[in-house]
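Read the structure below first, then the notes.
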Amino acid sequence: MKAIVLRELGGPTQLRYEDVEVPTPKANEVLVKLKYASLNRRDLWITYGQYPGMELPSILGADGAGEVVAVGDQVSEIKVGSAVVINPALNWGESRAFHGPDHRILGMPSDGTYAEYVVVPAENVFTKPTYLSWEEAAALPLAGVTAFRSLMYRGNLKKGENVLIPGIGSGVALLALQIAVAHGANVFVTSSSDEKLERAKQLGAKGGVNYRSENWVKEMKKLMDGADLIIDSVGGENFNHLINLAKPGGRIVNFGATSGTVKELLLPRIFFKHLDIKGSTMGSPEDFKEMLQFFEEHKISPYVDKCYPLKEAIEALIYMENAVNFGKITLKIE
């Protein structure tokens, strides 16, 4: 089969489009013939070695959707020919509150979805929602479960609350916007692009502010008064601004740090406002199942920005690295 393999570190240009053996499912595993895969920032960081537990060579890719073509021993509930979407959170563990020590994400060290076929545990495939295209289904898993868990399980989002989503445009941020709007929240966003702010409003955002503006914090405060819940993947120097924008008794859920570490955190701003600051990453099997049910109920479709053929995965990751996308980037697997 054809696959995108990372053998050396140094960025996306180190990826190779190669012929590799089709994997064979073991007991409790299934073999999926992939229709589409989608990109995540995780894939980009791996090519630079900026990810824990590096093991090479490896086929990248956490997200994918396709058809089951073979099942291993002891697999009885999943039939050959089933249309499935893959939950990339492997071996989550027993507790929904946090993942266990054996948890890992599909696509390094386990070979992932930048390939014509992938083997995954049977418990990690779910029936593809019929209203979603193959491409939309492939764009959903990692971003969808991350956004859903951050909002609904960790963030305890309630109808009518104000939600702030910094850095709108990424796959997770856009899905968080769509989930929160569908749940009846008032969503506000930030971006460095006025065009992205306008597009976010078309998807249901109440308003947005360009964070390159010198007074963007004051502008956002005036626009929404304050945030009951902030969903943050940015971190960095702006995190203290988020604390200022949170309402007393508000919640901040963080699942990323694309702008780096928070260098100076003033604790009085947190405890005098009685804030809850929570961490979140990926999601449990329960989160994934409930996320799919929520999307099915509200007929939410992931917003896909651009699609590349599998052999052009390098170009796709460079496009992601340039941070101009608005939505998910996918790979079509012929």
Side-chain angles (χ1 to χ4, degrees), residues 1-20 22-23 32-51 56-67 83-86 88 105-108 110-118 120 128 132-144 146-147 167-175 178 193 195-196 199 203 233 258 301-334:
M1 69 175 184
K2 293 294 186 181
I4 301 295
V5 183
L6 180 66
R7 297 188 180 277
E8 298 180 12
L9 301 178
T13 57
Q14 297 302 314
L15 292 168
R16 297 293 178 264
Y17 183 58
E18 299 181 0
D19 286 305
V20 299
V22 177
V32 179
K33 180 176 173 57
L34 292 157
K35 304 285 188 180
Y36 282 86
S38 73
L39 278 61
N40 292 287
R41 281 272 164 186
R42 174 182 188 271
D43 306 330
L44 183 63
W45 294 330
I46 288 172
T47 67
Y48 288 105
Q50 298 173 346
Y51 207 85
L56 300 181
S58 186
I59 299 172
L60 301 188
D63 287 338
E67 181 179 312
V84 297
V85 59
I86 298 168
I105 302 172
L106 186 66
M108 201 298 294
S110 301
D111 284 338
T113 58
Y114 288 11
E116 293 180 319
Y117 296 87
V118 66
V120 292
K128 181 184 82 69
L132 292 178
S133 68
W134 285 112
E135 183 179 27
E136 290 169 336
L140 180 58
L142 189 150
T146 300
I168 200 67
S170 73
V172 180
L174 283 177
L175 286 173
Q178 292 172 280
S193 164
E195 180 185 356
K196 289 184 179 181
R199 295 174 75 177
L203 291 175
S233 65
T258 56
S301 297
Y303 194 94
V304 177
D305 178 271
K306 198 168 184 179
C307 181
Y308 292 80
L310 176 64
K311 63 182 178 181
E312 295 181 13
I314 291 175
E315 289 83 353
L317 280 165
I318 291 173
Y319 178 70
M320 170 179 276
E321 189 170 23
N322 290 332
V324 295
N325 60 295
F326 186 84
K328 295 292 290 184
I329 304 165
T330 60
L331 300 175
K332 185 176 183 179
I333 302 170
E334 300 292 347

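In this chain, residues are counted from 1 in sequence order. These numbers were taken from a predicted model, which means no experiment stands behind them.
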Under 3.5 Å: donor-acceptor pair, side chain of E67, backbone of K33: no
Close side-chain approach of I86 and P141, heavy atoms under 4.5 Å: no
Spacing of E18 atom CD and I59 atom CD1 [to the nearest 0.5 Å]: 8.5 Å
Minimum side-chain heavy-atom gap E195-F326 below 4.5 Å: no
Return all side-chain donor-acceptor pairs below 3.5 angstrom for residues 309-317, not counting sequence neighbours, or 'none' if the list is empty.
none

Non-hydrogen side-chain atoms of L34 and M1 separated by less than 4.5 Å: no
N/O donor-acceptor pair under 3.5 Å between D63 side chain and S38 backbone: no
Close side-chain approach of L175 to L140, heavy-atom, < 4.5 Å: yes
Parallel, tilted or perpendicular: rings of Y319 and Y308 (30°, 60°): tilted
Closest contact, heavy atoms only, L132 versus P302: CD2-CD, 3.9 Å
Heavy-atom closest pair, residues P88 and A62: CB-O, 3.1 Å
Sidechain-backbone polar pair: R16 side chain, T13 backbone, donor-acceptor under 3.5 Å: yes
Shortest non-hydrogen contact between Y114 and A37, atoms and distance: CD1-CB, 4.3 Å
Shortest non-hydrogen separation from V85 to A137 and the atoms involved: CG2-O, 3.4 Å
T47 side chain to L44 backbone, donor-acceptor under 3.5 Å: yes
Electrostatic pair K2-D19, nearest N-O below 4.0 angstrom: yes
Exam field: side chain K196 to backbone N325, donor-acceptor pair closer than 3.5 Å: yes
Donor-acceptor contact present, side-chain S110 to main-chain L106, <3.5 Å: no
Least distance between heavy atoms, G171 atom then A143 atom: C-CB, 3.9 Å
I105 side chain near Y51 side chain, heavy-atom distance below 4.5 Å: yes
Interatomic distance, I329 atom CD1 to S170 atom OG [nearest 0.5 angstrom]: 10.5 Å
Donor-acceptor pair, side chain of R41 and main chain of M320, under 3.5 angstrom: yes
Heavy-atom side-chain proximity of L6 to M108 below 4.5 angstrom: no
Approximate separation, where rounding is to 0.5 Å, of K328 NZ and Y36 OH: 15.0 Å
For the student: nearest non-hydrogen atoms of P23 and Y117, plus distance: CD-CB, 4.3 Å
Side-chain heavy-atom pair K332, E135 within 4.5 angstrom cut-off: no
Side-chain heavy atoms of L56 within contact of L9, under 4.5 Å: yes
Flag if over 12 foreign heavy atoms under 6.0 Å of CD, E8: no
